[in-house]
Amino acid sequence: MHACSNNRQRSFAARRRFLKTAVAAAGAFCVPSVVPASVLGAAAPSHRINVGLIGCGHQSQRIVPSFLVHDDVQMLAVCDVNRQGVGYYWPDQVLGRETARQWVNEHYAQKTDSGQFRHCDAYVDFRELLERSDIDAVAIVVPDHWHALIAIAAMRAGKDVYCEKPLALTVHQGRQMVKAVRKYERIFQTGAQFRSSPNVRRACELVRNGRLGEIRRVRTWVAPNSFEGPGPGWKAMPVPDGFDYDFWLGPAPKAPYHVERCFHRWRYILDYSNGQTVNFGAHTNDIAQWALNMDRTTPVEFEDNGSEFLPKGSLFTTASKTAFRARYANGIELLCETRNSSATKFEGTEGRLEITLGGSMKTFPENIKDSVIGPNEIHLAQSNPAREENVRKHIDADHVRNFLDAVKNRQDPIEPVEVGHSTASLCILGNIAQILKRKFTWDPAAERSPDDEEVNRMLSRTMREPWKLSS
Ligand SMILES: NC(=O)c1ccc[n+]([C@@H]2O[C@H](COP(=O)([O-])OP(=O)(O)OC[C@H]3O[C@@H](n4cnc5c(N)ncnc54)[C@H](O)[C@@H]3O)[C@@H](O)[C@H]2O)c1
């Protein structure tokens with residue numbers, strides 16, 4: 001646990017000053033529910049967390065309501081390099097910064113007597129949003145090639161960060177994020193929300209408390225690509241109006257525009273992502289590491305296990321079929337593969353347990369499922385101790401709530417940066433084994449392969465000018 005009370009006090013003091021000035025200057029319109037603190041209690045403006053959203057695409061549809069549902073949140077601004085348009089997951093879906101701004105304004109409008117609210121600001125450039133001293137925390141919901149740059153810039157600017165999984169694009173970027181969290185004494189939640197699922201937690205507790213005997217093997221599954229993507233010979237397309245494509249590419253290499261390069265499908269292209277191995281692996285392998293009590297380390301050996309890629313020249317370059325094997329220092333084997341539904345399965349000397357991301361659990365013998373965890377046994381952290389029902393929207397909201405509470409009490413949340421980094425590293429290294437189609441050993445403490453220099457070269461990527469990662 002890291003306490004950072006001095007910075008926190010400074011940040012609350014700065015915000016109280018801002019609120020005083022803003023409320024005096026603009027009246028009650030600036031903050032929709034400005035009433036005396038004595039009435040609001042814990043949700044008083046002085047306890048309110050002012051949030052900026054960076055990235056207004058597919059996942060922002062879950063993240064925005066998961067923040068807005070909490071009364072002590074004020075979403076002050078949104079940011080996206082795309083003004084508004086189609087091309088996201090569903091063909092007719094119109095997303096981008098103007099859509100997100102509208103959601104936020106409509107939410108607060110419902111809370112005013114006039115039924116009107118238009119004060120959520122919108123930015124193209126995240127650096128302008130980060131300059132605002134009234135913003136306490138940011139939610140980063142952009143493609144993976146941007147996570148480290150934006151998160152570190154945010155922390156340097158004194159913001160706490162909720163950053164979507166997978167933590168980073170490379171092992172090096174993840175390590176820099178870990179260093180920045182500790183250097184700037186910020187609160188950082190990795191957006192791997194299944195840590196906040198009651199059923200996932202219970203599955204991990206059953207494993208941790210030995211109900212399956214000694215664990216020998218863990219199998220993790222990741223869903224296949226949801227889209228086929230254009231094959232070799234694909235043609236560049238005109239950049240849509242209102243979309244700053246060069247800014248979207250940012251640190252990634254220059255490349256001809258195609259709608260399927262951007263807007264959700266970027267996750268199938270190696271310049272911006274490590275594919276489903278990491279996209280869903282950031283959940284299923286995270287559950288594996290949590291249950292094994294290995295969530296601050298990684299396996300020590302990685303090997304391709306029959307992964308497949310699309311033909312050369314296809315737009316999508318990540319593995320179309322995930323298959324890698326890893327081994328922990330204690331001998332436990334981890335097999336990660338593509339399957340229609342993402343899940344994690346533990347195989348022990350006395351039983352087996354499978355948990356899906358949807359939260360359904362199967363055990364063999366069946367009665368393991370009903371086993372009660374005694375008061376003196378291992379109990380894992382809970383985002384919301386009162387929550388028993390495993391409902392997806394509650395999981396997302398509880399994961400955000402856990403972050404907000406951490407922002408207030410200045411203690412690490414349920415998925416701190418080191419844990420997000422270990423899970424992402426595991427998946428990234430599995431992906432490297434798939435690309436190289438060979439076995440290598442790994443030193444988790446040194447974060448290097450002792451025997452494979454090519455692997456070590458793949459731990460970082462050169463950023464396109466003028467973008468540079470510096471803490
Ligand atoms: N936790 C989960 O279950 C879950 C589910 C889906 C996605 N995600 C994560 O959410 C993130 C976003 O995924 P998505 O599916 O929403 O992608 P998306 O492409 O639908 O949306 C990303 C948005 O970010 C914008 N953007 C890109 N670069 C930007 C920049 N520099 N500044 C501001 N905006 C920028 C894009 O224009 C786009 O609107 C990814 O990290 C992904 O892994 C998490």
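The shown structure was predicted, so the numbers you read here are calculated from the model rather than taken from an experiment. Whatever order the structure lists ligands and atoms in, that order sets their numbers, starting from 1. Just so you know, residue 1 is the first one in the sequence shown, and it goes up from there.
Residue contacts with ligand 1, taken as heavy atom pairs separated by less than 4.0 Å, involve W266 solely via side-chain atoms from C-beta onward. Counting heavy atoms under 4.0 Å from ligand 1, residue H145 does not touch it at all.
Below 4.0 Å from some heavy atom of R392 lie the following atoms of ligand 1, by number and element: 3 (O). Listed by number with element, the atoms of ligand 1 under 4.0 Å from a non-hydrogen atom of F263 are 19 (O). For ligand 1, the atoms lying closer than 4.0 Å to a non-hydrogen atom of P166 are 43 (O). Close approach to D144 involves these atoms of ligand 1, each under 4.0 Å from a residue heavy atom: 40 (C), 41 (O), 43 (O). Taking every non-hydrogen atom of Q193 and a distance limit under 4.0 Å, the qualifying atoms of ligand 1 come out as 1 (N), 2 (C), 3 (O). Remark: ligand 1 atoms within the under-4.0 Å shell around heavy atoms of N82 are 37 (O).
Considering only non-hydrogen protein atoms, atom 7 (C) of ligand 1 sits nearest to Q59 CB, 3.5 Å. Nearest protein heavy-atom neighbour of atom 20 (O) of ligand 1: H58 N, 2.9 Å. Closest to atom 12 (C) of ligand 1, if we only count protein heavy atoms, is V141 O, 3.4 Å. In terms of protein heavy-atom proximity, atom 21 (O) of ligand 1 is nearest to G57 CA, 3.2 Å. Protein heavy atom closest to atom 30 (C) of ligand 1, with residue, atom name and distance, is V81 CG1, 3.8 Å. Regarding atom 42 (C) of ligand 1, its nearest protein heavy-atom neighbour is K165 O, 3.7 Å. Annotation: atom 19 (O) of ligand 1 to nearest protein heavy atom, H264 N, 2.7 Å.
For V142, a nitrogen or oxygen atom sits less than 3.5 Å from a nitrogen or oxygen atom of ligand 1, counting backbone and side chain alike. The shortest N/O to N/O separation between S60 and ligand 1 does not fall below 3.5 Å.
In this structure, CD in E389 is found 10.5 Å from CD1 in I395, a value given to the nearest 0.5 Å.
Checked for salt-bridge contact, R62 and E164 miss the test: no charged N lies under 4.0 Å from a carboxylate O.
More than 12 non-hydrogen atoms from other residues, nucleotides or ligands lie less than 6.0 angstrom from NZ of K437.
Side-chain atoms of N431 and Q434 include a donor-acceptor pair closer than 3.5 Å. Under the 3.5 Å distance criterion, with hydrogens and angles disregarded, no donor-acceptor pair is assigned to the side chains of D398 and S383. T99 and Q84 share a donor-acceptor pair across their side chains, judged by distance under 3.5 Å alone. Looking at N274 and T277, their side chains never bring a donor and an acceptor atom within 3.5 Å of each other.
The shortest heavy-atom distance from G96 to ligand 1 is not under 4.0 Å. Proximity of G191 to ligand 1 is established by a heavy-atom distance of less than 4.0 Å.
In this view, A255 and Y245, R261, Y272 satisfy the side chain to side chain contact (heavy atoms under 4.5 Å, CB included) rule, not counting sequence neighbours. Applying the side chain to side chain contact (heavy atoms under 4.5 Å, CB included) criterion to P240, with sequence neighbours excluded, gives F243, Y257.
Atom 37 (O) of ligand 1 has its nearest heavy-atom neighbour, among V78, D80, V278, in D80. Selection from Y123, F280, W146, F194 by nearest heavy atom to atom 31 (N) of ligand 1 gives W146. Of the listed options H147, R267, E164, R97, R267 places a heavy atom closest to atom 14 (P) of ligand 1.
In this structure, H58 has its ring center at least 6.0 angstrom away from the ring center of Y88.
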* To do: List the steps and the verdict of ring pair (Phe, Tyr, Trp, His ring centres under 6.0 Å) for H264 and Y89.
  => CA-CA 6 Å; H264 192 78; Y89 190 97; 5.0 Å; yes
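Across R132, E131, R97, a single residue satisfies side-chain hydrogen bond (donor to acceptor under 3.5 Å, both in side chains) together with Y123, and that is R132.
For the pair I135 and A77, the tightest heavy-atom approach, listed with the atom from each and the gap, is CD1-CB, 4.1 Å.
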